[in-house]
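In what follows, a single structure is set out as structure tokens and then discussed.
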Amino acid sequence: MKIDLKELDKEKEKNFLDRLKFIDLYVEWLKKTGDKKAFKVHNKFVNSLYSKK
Amino acid sequence: MKVSIDRTIIEKELSNLDNFVHQFIGLLESLKIEYTIVSGYVSILLGRSRGTEDVDILIPKLSFLEFEKIFKNNNRFSCIIDDLKLSYETIKEANIRFFKNNNYIPNIKLKFAKNITDEYTLKNKYKIIVKENIFYVSPPNLQIPYKLYLGSEKDIEDARFLYNIFKDILDLNEFNMFIEKFKVKDKLKFIK
């Protein structure tokens with residue numbers, strides 16, 4: 001099996017740039033939505049990663 | 001979220017991670033030890049949706065007796081090295097981790113200020129207020145260029161997130177000065 005590293009590198013860079021674009025959209029959403037609603041969603045995500053101490 | 005030059009105010013409930021961090025900074029404050037939270041947790045506090053194993057906190061270099069008070073801390077937090085003298089020797093050279101309830105994640109990675117960047121971070125800390133709870137964090141003018149300097153994909157994503165949050169209040173003279181100092185001008189394309 002021959003792995004095309006150049007193709008994988010391109011894909012890796014594309015994914016990275018895509019995540020950066022997502023961050024722009026996410027911050028826009030964060031600012032537009034307002035703290036109460038946006039951080040309710042955010043806290044739900046963060047709390048799922050960490051138990052209450 | 002209200003972002004201004006000297007503070008950001010967020011109207012939200014503290015998450016479990018925020019509570020964990022707030023308990024530790026409460027300990028530092030009760031001992032009158034200055035601190036600044038640095039690195040990835042700052043982005044999470046401000047809303048970035050990712051996790052972290054450790055929360056980096058910078059404090060001034062302490063004497064053995066001062067460090068002992070953190071180490072003992074009424075058994076609220078455990079130090080990953082349970083020998084006091086060895087812990088002190090370790091933090092003098094690198095960093096030391098504290099955790100709760102026999103659970104290593106998340107943990108606080110505590111380190112002494114060791115260089116001019118650390119001193120600047122402590123002196124120019126930025127305030128984030130969450131429902132009357134204060135968190136002092138690394139100043140954005142330095143934090144964003146420093147994240148670019150660290151340079152992993154995760155760090156660059158954090159830098160982009162922080163730039164998006166703070167771009168209207170950055171002191172561009174200072175920001176550009178740190179961009180120059182950290183030699184990361186070529187990485188600006190990732191955040192703008």
Side-chain angles (χ1 to χ4, degrees), chain A, chain B residues 1-3 8-24 41 43-53 55 76-78 98-103 105-108 129-131 152-154 156-168 187 189-192:
Chain A
M1 185 172 66
K2 195 182 173 191
I3 296 172
D4 187 343
L5 288 179
K6 278 187 182 169
E7 191 189 326
L8 288 180
D9 283 347
K10 271 187 196 166
E11 193 62 28
K12 193 176 144 185
E13 193 183 345
K14 204 176 135 199
N15 281 339
F16 175 55
L17 295 175
D18 182 62
R19 285 204 306 278
L20 293 182
K21 278 182 196 158
F22 172 73
I23 287 168
D24 295 346
L25 294 174
Y26 176 71
V27 175
E28 205 180 305
W29 174 83
L30 199 63
K31 288 177 176 173
K32 196 170 62 185
T33 306
D35 289 359
K36 201 172 175 185
K37 192 175 170 188
F39 279 98
K40 195 174 173 186
V41 176
H42 181 259
N43 274 6
K44 197 174 173 185
F45 171 76
V46 174
N47 288 343
S48 72
L49 303 174
Y50 306 97
S51 60
K52 201 168 186 177
K53 292 181 186 300
Chain B
M1 191 185 303
K2 288 179 188 160
V3 180
T8 287
I9 300 170
I10 309 173
E11 287 299 321
K12 68 159 192 164
E13 300 298 325
L14 295 181
S15 70
N16 293 345
L17 182 61
D18 299 333
N19 267 313
F20 172 74
V21 175
H22 196 257
Q23 285 170 34
F24 194 84
Y41 171 70
S43 304
I44 300 170
L45 178 63
L46 287 161
R48 181 144 151 67
S49 48
R50 73 168 179 86
T52 185
E53 288 180 351
V55 176
R76 282 186 286 169
F77 287 85
S78 307
F98 287 85
F99 59 96
K100 283 192 83 176
N101 303 333
N102 210 24
N103 195 343
I105 296 173
N107 61 72
I108 301 290
I129 304 171
V130 183
K131 283 215 164 176
S152 73
E153 289 193 355
K154 184 186 71 179
I156 291 172
E157 287 166 21
D158 279 350
R160 180 128 172 174
F161 176 83
L162 293 170
Y163 182 79
N164 269 313
I165 297 283
F166 291 117
K167 60 186 171 189
D168 295 331
K187 290 182 180 169
K189 63 184 178 205
F190 291 127
I191 61 168
K192 289 184 175 177

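Here the structure is a predicted model, which means the values were calculated and not measured. Order of the sequence lines sets the chain letters (A, B, ...), proteins ahead of strands, with each chain counted from 1.
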For the interface with chain B, which of A:Lys31, A:His42, A:Glu28 has the highest count of heavy-atom pairs at distances below 4.5 Å?
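Counting heavy-atom pairs under 4.5 Å, the top option is A:His42.
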Does any backbone or side-chain atom of [X] lie under 4.5 Å from a heavy atom of chain A? Answer side chain, backbone, both or neither.
X        : value
B:Ile191 : neither
B:Tyr163 : neither
B:Ser43  : neither
B:Leu162 : neither

What verdict does the side chain to side chain contact (heavy atoms under 4.5 Å, CB included) test give for A:Asp35 and B:Lys2, after you've listed the backbone C-alpha separation in whole Å, the side-chain angles of each residue and the deciding distance to 0.1 Å?
CA-CA 10 Å; A:Asp35 289 359; B:Lys2 288 179 188 160; over 6 Å; no
Please round to the nearest 0.5 Å and tell me the distance separating atom [atom1] of [X] and atom [atom2] of [Y].
X        : Y        : atom1 : atom2 : answer
B:Glu153 : A:Lys12  : CD    : NZ    : 6.0 Å
A:Phe39  : B:Lys131 : CZ    : NZ    : 12.5 Å
A:Leu17  : B:Lys189 : CG    : NZ    : 9.5 Å

Should B:Lys12 and A:Lys36 count as side-chain neighbours, where that means a heavy-atom distance under 4.5 Å?
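Sidechains of A:Lys36 and B:Lys12: no contact.
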Counting only heavy atoms not in A:Ile3 (residues, nucleotides, ligands), do more than 12 fall under 6.0 Å from its CD1?
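At most 12 heavy atoms, drawn from other residues, nucleotides or ligands, come within 6.0 Å of this atom.
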Side chain to side chain contact (heavy atoms under 4.5 Å, CB included) between A:Tyr26 and B:Asn164, intermediate numbers included
CA-CA 10 Å; A:Tyr26 176 71; B:Asn164 269 313; over 6 Å; no
Hey, which of B:Glu11, B:Arg160, B:Arg50 has the most heavy atom pairs under 4.5 Å with chain A?
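Maximum pair count with chain A is reached by B:Arg160.
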For a side chain to side chain contact (heavy atoms under 4.5 Å, CB included) with B:Asn16, tell me which candidate from A:Val46, A:Leu49, A:Asn47 qualifies.
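Running side chain to side chain contact (heavy atoms under 4.5 Å, CB included) over A:Val46, A:Leu49, A:Asn47 with B:Asn16 returns exactly one hit, A:Asn47.
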With a 4.5 angstrom heavy-atom cut-off, could you sort out which part of A:Leu30 is near chain B: side chain, backbone, both or neither?
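Side chain only.
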List the steps and the verdict of side chain to side chain contact (heavy atoms under 4.5 Å, CB included) for B:Asn103 and A:Tyr50.
CA-CA 10 Å; B:Asn103 195 343; A:Tyr50 306 97; over 6 Å; no
Kindly determine whether A:Val27 and B:Arg48 satisfy side chain to side chain contact (heavy atoms under 4.5 Å, CB included), including the steps that lead there.
CA-CA 8 Å; A:Val27 175; B:Arg48 181 144 151 67; over 6 Å; no
Lys/Arg-Asp/Glu bridge criterion (N-O < 4.0 Å) met for A:Lys40, B:Glu13:
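So A:Lys40 does not pair with B:Glu13 through a salt bridge.
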